[in-house]
Amino acid sequence: MNEARSVSILGSTGSIGVNTLDVIARHPDRYRLFALSCATRWQELLQQCLASRPRYAVVVDPGGARALRSALVQAGSDVHVLEGEEGLVAIATHPDVDTVMAAIVGAAGLTPTIGAARAGKRVLLANKESLVMAGSFFMDAVRRGNAELLPIDSEHNAIFQCLPSGYRAGRRAAGVKRLLLTASGGPFRSCPLAELETVTPAQAVAHPNWVMGRKISVDSATMMNKGLELIEACWLFEMPSEHVEVLIHPQSVVHSLVEFQDGSVLAQMGNPDMRVPIAFGLAWPERIESGTEPLDLLASGSLGFEAPDLKRFPCLGLAMEASAAGRSHPIVLNAANEVAVEAFLAERLGFTSISRVIAATLEALPAVEPESLEHVKAIDAEARAFARRALGKAMQVEA
Ligand code: NAD
Ligand code: MG
């Protein structure tokens, strides 16, 4: 076998990060950890450093980085600690790195993930928000850097697996007519509509099928997650949004489907276990053990499909509109959603006001054509500032 691949994980203390470490630990001959990183939780990063001995560790927060540095010295470890966004970019672009797992949540992942693409790495993309915000600049960086972009989001990974071998993300695969994105419908798929007003963060993050970080769990409960994924799919597979359909599939066994011109429909199935797409991305085009249980179709019983109800899931409707409208709409949608979800998780905003804050922000900001990555970041900042003000108004209405 070839030399071991050298891997950096952006967001190693998160749900995707921990699953990535689990898969890598099963294949010590194939993968070497180059770097781990987190935002603030340096104690968890310390444990990860001691267990898996990377060359570098990054804590974005400088105080956390100092604390990790001294704890590592005390433990006799020679892991080198970096800090700030510069630290993230350094471990995403270092010449000794082959593969970058982009698993930071939200817009914070944009700069290092694009950096990895520019530097021509294999980019394992979990951080869908960076593609939603900066799709054209991101895909341009992938092409210019000759990076290998492999989707980790289970739906996009499923679609990628259904496309002909040799397919590279960023272009339209021959003969594809439609993409069918499946969604579980989250914890509120069938609860009475009137109850949505008062659901708590704890109820919203209790996903029926997947264990994930808090932000994406709320996004699944509002179905904004599927809206972001619709935009993600358009960029990854070069599809117009009207050729991407969302289907609710409560069992989360069929992870997505591709319909071809001749009427054939291919699907990828598996347990709802992120180690499957992670192992696929790490080993592509080979296959390796992921640690998941064998899929038991008899235990799943029947597989059902239904159309999403946009009254129940207004965030999905907003994302569909933003996807079709393009320009700065997806940036504003994503920024306002991050602000509203954070406020909901902090119990400062009601669940049904999440979509109201996003709609108000989309309505207020004029649509413009993003001209550069800096412009994308400026639009993102402006949308966040407006959404924060809209939060205040939404809270007055609720009180
Ligand atoms: P999480 O909240 O569990 O972990 C987030 C990670 O990002 C942590 O390591 C955290 O330290 C780091 N982070 C947070 N803010 C940061 C900042 N400002 N700067 C640097 N690092 C920061 O999230 P997750 O569930 O692992 O999701 C990560 C990404 O993967 C998201 O974009 C999500 O949409 C996507 N994704 C997750 C799943 C899943 O099953 N969890 C599935 C598909 C896609
Ligand atoms: Mg997904």
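Just so you know, ligand 1 is whichever comes first in the structure, and atom 1 is the first atom listed for that ligand. Numbers for residues simply follow the sequence, beginning at 1.
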Is it true that atom CD of E293 has more than 12 heavy atoms of other residues, nucleotides or ligands lying nearer than 6.0 Å?
-> no
Starting from the Mg ion (ligand 2), look over the N/O/S atoms of D153 and name the nearest one.
-> OD1
Should the pair E229-K226 be classified as a salt bridge under the 4.0 Å nitrogen-to-oxygen rule?
-> yes
Among protein heavy atoms, which sits nearest to atom 25 (O) of ligand 1, and what does the distance come to when rounded to 0.1 Å?
-> G213 N, 2.8 Å
How does E129 reach ligand 1, by side chain, by backbone, by both or by neither, if only non-hydrogen atoms under 4.0 Å count?
-> side chain
If you measure from each heavy atom of G17 to ligand 1, is any distance below 4.0 Å?
-> no
So how far is it from R41 CZ to T13 OG1, rounded to the nearest 0.5 Å?
-> 4.5 Å
Below 4.0 angstrom from a heavy atom of G11, which ligand 1 atoms are there? Numbered from 1 as shown, please.
-> 6 (C), 7 (O), 9 (O)
Of all N/O/S atoms in E229, the name of the one nearest the Mg ion (ligand 2) = OE2
Over 12 foreign heavy atoms within 6.0 Å of CD, E369 | yes
Measuring from the Mg ion (ligand 2), name the closest N, O or S atom belonging to E155.
-> OE1
Report the part of V60 (side chain from C-beta onward, or backbone N, CA, C, O) that has a heavy atom under 4.0 Å from ligand 1; answer both or neither where that applies.
-> side chain
Polar contact flag for M212 and ligand 1 (N/O pairs, less than 3.5 Å) = no
Nearest 0.5 Å please: distance from the OG atom of S220 over to the NZ atom of K215.
-> 9.5 Å
Go through ligand 1 atom by atom and flag the ones less than 4.0 Å from a non-hydrogen atom of N127.
-> 32 (O)
Protein heavy atom at shortest distance from atom 44 (C) of ligand 1 | D153 OD1, 3.5 Å
Identify, for atom 6 (C) of ligand 1, the protein heavy atom at the shortest distance, and state residue, atom and that distance.
-> A103 O, 3.6 Å
Among protein heavy atoms, which lies nearest atom 9 (O) of ligand 1, and at what distance?
-> T13 OG1, 2.8 Å
Atom 5 (C) of ligand 1 [closest protein heavy-atom partner, distance rounded to 0.1 Å] = V105 CG1, 3.7 Å
Can R66 and E83 be counted as an ion pair, charged N to O under 4.0 angstrom?
-> no
N/O to N/O below 3.5 Å, does that happen between S37 and ligand 1?
-> no
Between A39 and ligand 1, which residue portion shows a heavy-atom distance shorter than 4.0 Å: side chain, backbone, both, or neither?
-> both
Atom 4 (O) of ligand 1: nearest protein contact (heavy atom, Å) = G14 CA, 3.1 Å
May I ask you to list the atoms of ligand 1 that are less than 4.0 angstrom from any heavy atom of C38?
-> 11 (O)
Where the side chain of S328 meets the backbone of V368, is there a donor-acceptor pair that is under 3.5 Å apart?
-> yes
Please confirm whether K215 comes under 4.0 Å of ligand 1, counting heavy atoms of the residue only.
-> no
Answer yes or no: are there more than 12 heavy-atom neighbours, outside R172 itself, under 6.0 Å from its atom CZ?
-> yes
Heteroatom distance test (M274, ligand 1): nitrogen or oxygen, under 3.5 angstrom = no
Would you mind checking if D96 and R55 are paired as a salt bridge, meaning a charged N to carboxylate O distance below 4.0 Å?
-> yes
Which heavy atom of the protein is the closest neighbour of atom 3 (O) of ligand 1, given with residue, atom name and distance?
-> S15 N, 2.9 Å
A108 neighbourhood, listing ligand 1 atoms whose heavy-atom distance to it stays under 4.0 Å | 17 (C), 18 (N), 19 (N)
Strictly under 6.0 Å, is that where the ring centroids of F188 and F313 end up?
-> no
Which residue supplies the protein heavy atom nearest to atom 33 (C) of ligand 1, what is that atom called, and how far is it?
-> I216 CD1, 3.8 Å
Output, in order, the C-alpha distance, side-chain angles, deciding distance and verdict of side-chain hydrogen bond (donor to acceptor under 3.5 Å, both in side chains) for N157 and S154.
-> CA-CA 5 Å; N157 188 269; S154 57; over 6 Å; no
Does E148 pair with R122 as a salt bridge, N-O distance under 4.0 Å?
-> yes
Note: K128-D153 ion pair, threshold 4.0 Å (strictly below) | yes
Using 4.0 Å as the upper bound for N to carboxylate O, is an ion pair formed by E342 and R388?
-> no
